[in-house]
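Chain letters run A, B, ... following the sequence lines, proteins first, then strands; residues in each count from 1.
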Protein chains: 2
Amino acid sequence: MNNKNAVERIEYELTTFIRRAVYIDNSENKIGNLERASYLILRQLDEFGPARVKKLAESFKLDISTLSRQAGALEGKGLIERSSDPSDGRVSLFTITELGREKLKADKKTRLARYQKMLETWTNEEKELFGELLERMNDVF
Amino acid sequence: MNNKNAVERIEYELTTFIRRAVYIDNSENKIGNLERASYLILRQLDEFGPARVKKLAESFKLDISTLSRQAGALEGKGLIERSSDPSDGRVSLFTITELGREKLKADKKTRLARYQKMLETWTNEEKELFGELLERMNDVF
DNA sequence: ATTATATATTTGTATTATACAAGCATATAG
DNA sequence: CTATATGCTTGTATAATACAAATATATAAT
């Protein structure tokens, strides 16, 4: 039963956390749209290199049409760049631009600062452990 | 720098987790609408007792009008019940119904099962520690 | 080679969640 | 007893999304 209680607590806290995080995302994204999606797209392209629409859609488990529009919006803002795959004319490959990298960096900084502050009373050990546990959870999610 | 790395990892993993969790929520909520919101509302009413629209809106950091509609929908499904505050005729107090409790229980079961499975290889100690850390994080969030 | 089928993406349309503003009912203050 | 404040609901606009249709290109079958 202790196990159940622990899992219950985890479920409770994660659910609570998600609600708040989504709120923060939404409230900060008042300026224009997309902020929420764009961070993830930029991060993905920065980390794993150029990707096409289908790939991005799969990464985020969103419909291809949705990613098509989001990528189009990011392209319009000059944060990512479209190039065609020489071996397949149907495919658009998206690459993060220098501007996109800057924006990603700035966004990340803001987000990190928030977490930094949230966890300022934690010891390094605790933070490391927490990160490890989160990573393990995501690996099987 | 180690500290920064740990926080970076936490930020990365939590962001990833949120994306996936929101996806799951959305995909399960195809049936009708509201599942996402309703779980939280029911949980809130079950845990803290009757509440009025304004209170619920504050809890979830959503606009009052949004909560008004969500509560209306839950009321329509018989999951919560409206009563007026005898001391103030403007206020509607919402209470979870027996049916609502059953639905909450069922939803919770599904969610717990998912977490249970996700964490099945963890030791009890790890689960407990993880829950504790999550709670601490939420407390300052 | 020519046509049929499959795949990648974009664009059209509908739905849902949400916020903000206006309206309505009820309280409270002057 | 009127004026103002409060609580909620309803009207309207916007954004994110999915699904379906359209378009372009590639691959397979004859």
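- Within residues 47-62 of chain B, the residues that have a heavy atom under 4.0 Å from DNA chain D are, in order of number, B:Arg52, B:Val53, B:Lys54.
- Taking atom CG on B:Asp85 and atom C1' on C:dA27, their separation rounds to 12 Å, with Å as the unit.
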Under 3.5 Å, which donor-acceptor pairs link side chains of residues 85-94 of chain B to any protein atom two or more places apart or in another chain?
unit_1, atom_1, unit_2, atom_2, d
B:Asp85, OD1, B:Ser87, N, 2.9
B:Asp85, OD1, B:Ser87, OG, 2.8
B:Asp88, OD1, B:Arg90, N, 3.0
B:Asp88, OD1, B:Arg90, NE, 3.1
B:Asp88, OD2, B:Arg90, NH2, 2.9
B:Ser92, OG, B:Arg82, NH1, 3.1

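- The side chain of B:Gln70 contributes no N or O atom lying less than 4.0 Å from OP1 or OP2 of C:dT16.
- When rounded to the nearest whole Å, the span between CD1 of B:Ile64 and P of C:dG23 equals 18 Å.
- Scored by the side chain to side chain contact (heavy atoms under 4.5 Å, CB included) test, B:Glu102 finds B:Glu98, B:Leu99 as partners (sequence neighbours excluded).
- Atom-to-atom, CD of B:Glu75 to P of D:dT10 comes out at 11 Å; the value is rounded to the nearest Å.
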Sub-3.5 Å pairs of nitrogen or oxygen atoms, protein against nucleotides 12-14 of chain D:
unit_1, atom_1, unit_2, atom_2, d
D:dT12, O4, B:Arg69, NH2, 3.3

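- Under the side chain to side chain contact (heavy atoms under 4.5 Å, CB included) criterion, A:Arg136 pairs with A:Leu133, B:Thr121, B:Trp122, B:Glu126, sequence neighbours left out.
- B:Lys103 pairs by the salt bridge (Lys or Arg N to Asp or Glu O under 4.0 Å) definition with B:Glu35, B:Asp107, not counting sequence neighbours.
- When every heavy atom of B:Leu42 is checked against every heavy atom of B:Gly100, the shortest pair comes out as CD1-O, 3.9 Å.
- B:Tyr12 and B:Ile18 fall into different hydrophobic clusters, where Ile, Leu, Val, Met, Phe, Trp and Tyr are joined by side-chain heavy atoms under 4.5 Å apart, directly or via other members.
- The nearest whole Å value for the distance from the CG atom in A:Asp63 to the P atom in D:dA21 is 14 Å.
- Every residue two or more places apart in sequence or in another chain that forms a side chain to side chain contact (heavy atoms under 4.5 Å, CB included) with B:Leu40 is listed here: A:Thr15, A:Arg19, B:Arg43, B:Phe60.
- Where pairing requires Watson-Crick or G-U contacts shorter than 3.5 Å, the helical stems of DNA chain D with at least three consecutive pairs are C:1-30 with D:1-30.
- B:Lys108 and A:Glu11 are not joined by a salt bridge, as no carboxylate oxygen comes within less than 4.0 angstrom of a charged side-chain nitrogen.
- A:Thr97 places a side-chain N or O within 3.5 Å of a backbone atom of A:Gly78 that can act as its donor or acceptor partner.
- To the nearest angstrom, P of D:dG7 lies 16 Å from CZ of B:Arg82.
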Between the protein and nucleotides 28-30 of chain C, list every N/O to N/O distance that falls short of 3.5 Å.
none

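- Rounding to whole angstrom units, CG of residue B:Leu93 and C1' of D:dC8 are separated by 12 Å.
- Under the salt bridge (Lys or Arg N to Asp or Glu O under 4.0 Å) criterion, B:Glu125 pairs with no residue at all, not counting sequence neighbours.
- Across all strands, A:Thr66 comes closer than 4.0 Å to base atoms (heavy-atom distances).
- For B:Phe17, the ring pair (Phe, Tyr, Trp, His ring centres under 6.0 Å) partners two or more places apart in sequence, or in a different chain, are A:Phe141.
- Within the structure, salt bridge (Lys or Arg N to Asp or Glu O under 4.0 Å) contacts touching residues 59-71 of chain B (residues at least two apart or in different chains) do not occur.
- Rounding to whole angstrom units, CZ of residue B:Phe94 and P of D:dG7 are separated by 15 Å.
- Annotation for B:Asn138 and A:Thr16: closest pair ND2-CB, 4.0 Å, computed over non-hydrogen atoms.
- Distance CD1 (A:Ile80) to P (C:dT9): 12 Å, rounded to an integer number of Å.
- Counting any heavy atom pair closer than 4.0 Å across all strands shown, B:Ser65 reaches a base atom.
- What you find for B:Gly131 and A:Arg9 is that their closest heavy atoms are C-NE, 3.8 Å.
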